[in-house]
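Predicted, not measured: the structure shown is a model, and the values here were computed from it. Along the sequence shown, residues carry numbers from 1.
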Amino acid sequence: MKEKAQVSERFREFKAELTSRPSIVLGMGLRGFLRLLSLKNPWTIALVALIWLWTLGFYVLLSTGDYPCENLFGDDSSEDFKRCQPLVYYNDLGLGGVRLFLVTLAAISSSGLIANDMTDKSIHLYLSRPISRLDYLIARFIPVFLLLMCVTALPNLIVYVNQWGEAGLEFDWVKNHKWLLLDILILGSFYSASYSIIGLTFSTAINRESWAAGAFFLFVYGSAIIVEIFYLMIGDDRVLLLSIIHLLDIIGFFIFDTQPFFTAAFGFEGIDIADIEVFGVFILIIGSCGIFVNWMISQMEANK
């Protein structure tokens, strides 16, 4: 009886008017987003606050150098590697980025969304409503995506507005950086969507929330370490595409139209990979995750 009461309570949290499928999906997604930011999830709130404090400290109060990009070795250098603040934001802590916090937040926020539904069988209640498996997956994707956009694109937009303010709020500055605002939003969407989909994949594959979160974290950083070792041994740039961390970094370089590079053991190594290879691998990874999640849920429906 207690388990049934818990399922009923969970289902009540996502109550939506039976008007249309889009309204049901959007209602479930927005309620899930608000639930992630409720006091019941203190670690989520703490990580969001920490990321925002990091952004305000390092990119607003202590910001230095040209914005958004500056040459790493000076204007007179033959190397054309550039340091772009919107890209550095996604680096590891040692380089001034929030990647560790971002991956941890993605792991915590996504790990229980589908895993808990599968464990307590409430997924059957959701799918018994006039929504499809795709609707359900979108409703579970929306909360994590919105949460991650709050710590990817939004902080970078705050830095953008701060830099505009330091320029005197002149519209000439905006004209000189006319694509920067769009680039920030696109890059944040890539990071948020990728970590959301991969997180939901582990939440589906491992029906225990804590294990799913740990597996997600180990996958992201473990694959990065293994790929870096093989890269130093083989020297083939395409090896880097097997790590979601490096794959997203390279996509970021393409979005900001700068020369991709990798911080190797003895300095900076330029990366020479065709954009069709990069985005082809990206679509393959994200598409495979989506197909796997859909297949797992279909198996649950078949075994109902």
Side-chain angles (χ1 to χ4, degrees), residues 14 21-22 24-26 28-29 32-33 103 106-149 186 188-209 211-224 226-227 238-251 273-304:
F14 295 91
R21 287 169 57 185
I24 295 174
V25 172
L26 183 59
M28 291 175 62
F33 171 63
V103 173
I108 292 176
S109 61
S110 64
S111 59
L113 287 181
I114 297 181
N116 292 336
D117 289 348
M118 296 175 68
T119 300
D120 60 23
K121 309 300 183 183
S122 60
I123 188 173
H124 298 306
L125 292 174
Y126 296 123
L127 296 177
S128 66
R129 309 188 79 175
I131 60 174
S132 63
R133 287 195 300 271
L134 179 59
D135 294 331
Y136 169 79
L137 293 177
I138 293 175
R140 284 294 178 253
F141 169 82
I142 290 175
V144 188
F145 178 77
L146 291 179
L147 179 66
L148 294 183
M149 284 294 284
I186 293 175
S189 297
F190 265 98
Y191 272 92
S192 300
S194 300
Y195 285 143
S196 297
I197 293 173
I198 295 175
L200 292 178
T201 301
F202 280 97
S203 181
T204 306
I206 305 174
N207 60 2
R208 293 189 62 177
E209 183 175 356
W211 290 13
F216 173 90
F217 189 89
L218 289 176
F219 168 77
V220 173
Y221 273 102
S223 62
I226 294 173
V227 161
R238 288 171 293 185
V239 174
L240 297 174
L241 300 180
L242 300 179
S243 163
I244 190 64
I245 282 181
H246 296 97
L247 179 58
L248 289 172
D249 285 347
I250 295 172
I251 289 176
I273 306 178
D275 53 358
I276 190 172
E277 292 180 293
V278 174
F279 289 101
V281 173
F282 177 81
I283 293 173
L284 179 62
I285 293 175
I286 300 303
S288 299
C289 289
I291 292 173
F292 173 78
V293 173
N294 183 71
W295 177 79
M296 284 290 293
I297 294 177
S298 68
Q299 293 302 301
M300 283 202 65
E301 287 184 300
N303 297 326
K304 181 178 178 181

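Every residue meeting the side chain to side chain contact (heavy atoms under 4.5 Å, CB included) condition with I123, not counting sequence neighbours, appears here in chain and number order: D117, M118, L127, Y136, I297, M300. Not counting sequence neighbours, R208 has no partner by the side-chain hydrogen bond (donor to acceptor under 3.5 Å, both in side chains) test. For D135, the side chain to side chain contact (heavy atoms under 4.5 Å, CB included) partners two or more places apart in sequence, or in a different chain, are R21, V25, I131, S132. Annotation: side chain to side chain contact (heavy atoms under 4.5 Å, CB included) contacts of I206 (sequence neighbours excluded): F202, W211, A212, A215. Judged as a side chain to side chain contact (heavy atoms under 4.5 Å, CB included), and not counting sequence neighbours, L218 has no contacts. Here D275 pairs with nothing under the side-chain hydrogen bond (donor to acceptor under 3.5 Å, both in side chains) rule; sequence neighbours left out.
Rounding to the nearest 0.5 angstrom, the gap separating the CD1 atom in I273 from the CD1 atom in I250 is 4.0 Å. A distance of 8.0 Å separates OG of S110 from CG of L148, quoted to the nearest 0.5 Å. Distance check: D249 CG to I244 CD1 gives 10.0 Å after rounding to the nearest 0.5 Å.
Looking at S203, its side chain does come within 3.5 Å of a backbone N or O of A115 through a donor-acceptor pair. The main-chain N or O of V144 is never found under 3.5 Å from a side-chain atom of S109 such that the two would form a donor-acceptor pair. With hydrogens and angles disregarded, a donor-acceptor distance shorter than 3.5 Å links the side chain of S298 to the backbone of W295.
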N/O donor to acceptor pairs below 3.5 angstrom from side-chain atoms of residues 278-292, sequence neighbours left out:
| from | atom 1 | to | atom 2 | distance (Å) |
| --- | --- | --- | --- | --- |
| S288 | OG | L284 | O | 2.6 |

What donor-acceptor contacts under 3.5 angstrom involve side-chain atoms of residues 193-201, with partners at least two apart or in another chain?
| from | atom 1 | to | atom 2 | distance (Å) |
| --- | --- | --- | --- | --- |
| S194 | OG | F190 | O | 2.6 |
| S196 | OG | F145 | N | 3.3 |
| S196 | OG | S192 | O | 2.6 |
| T201 | OG1 | I197 | O | 2.8 |

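Between F217 and V103, the closest side-chain pair of non-hydrogen atoms falls below 4.5 Å. At a threshold of 4.5 Å between non-hydrogen side-chain atoms, the residues I251 and Y191 do not count as touching. By the 4.5 Å heavy-atom criterion applied to side chains, L134 and N294 are not counted as neighbours.
Summarising the geometry of P143 relative to G32, their closest heavy-atom pair is CB-C, 3.6 Å, with the distance given to 0.1 Å. Between T204 and M296, the shortest heavy-atom distance links the atoms CG2-CB, 3.3 Å.
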Check the pair V227, L241 against side chain to side chain contact (heavy atoms under 4.5 Å, CB included), reporting the backbone distance first and the verdict last.
-> CA-CA 9 Å; V227 161; L241 300 180; over 6 Å; no

